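Structure first, commentary second.
Computed from a predicted structure; not experimentally measured.
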Amino acid sequence: MKLRPLHDRLVVKRLDNERTTASGIVIPDNAAEKPDQGEILAVGNGKIQDDGKLRALDVKVGDRILFGKYAGQTVKVDGQELLVLREDDVMAVIEG
């Protein structure tokens, strides 16, 4: 199934956090926090302004982003857990 987000929404795949601490302790899945970084898989057309004009989004498919821990809505598509969030929920684009 392919998702096409509407307006200023994004479909994001969370990037896995490190599961091992610097000292070598492995963190089990149930104790680990959800990652706050992800890769954009799909973007909407843009945000509709008050004057009715469409403003293109500042992010694009393939960008790695940083977002809040509780941002967006989690959905399951074809057994894969994805996150749908608004462009406003994105705090930064990770470059490099």
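Cluster partners of Leu54, using a side-chain heavy-atom cutoff of under 4.5 Å among ILVMFWY residues and allowing indirect links, are Ile48.
Between Val12 and Ile65, the closest side-chain pair of non-hydrogen atoms falls below 4.5 Å. When side chains are defined from C-beta on, Asp88 counts as touching Lys47, because their heavy atoms get closer than 4.5 Å. Side-chain contact between Arg64 and Leu15 is present, with at least one heavy-atom pair separated by less than 4.5 Å. Contact annotation: the side chain of Val90 approaches that of Leu10 to within less than 4.5 Å [non-hydrogen atoms, C-beta and beyond].
Nearest heavy-atom pair across Phe67 and Leu83 is CE1-CD2, 3.5 Å. Shortest non-hydrogen contact noted between His7 and Leu57 is O-CD1, 4.3 Å.
Under 4.0 Å is where a charged nitrogen must lie from a carboxylate oxygen, and between Asp36 and Arg14 no such pair does. Taking 4.0 Å as the cut-off between side-chain N and carboxylate O, Asp8 and Arg86 count as a salt-bridged pair.
Counting only residues at least two apart or on different chains, the side chain to side chain donor-acceptor pair (under 3.5 Å) pairs with a member in residues 49-60 are Arg55-Glu87, Lys60-Asp63.
Ile40 is not connected to Leu66 by any chain of hydrophobic side-chain contacts under 4.5 Å among Ile, Leu, Val, Met, Phe, Trp and Tyr, and they are in different clusters. Taking hydrophobic clusters as Ile, Leu, Val, Met, Phe, Trp and Tyr residues chained together by side-chain heavy-atom distances below 4.5 Å, Val75 shares a cluster with Leu41.
We find the CD-CD1 distance between Gln37 and Ile94 to be 3.5 Å, quoted to the nearest 0.5 Å. To the nearest 0.5 Å, atoms CG (Leu82) and CD (Gln73) are separated by 12.0 Å.
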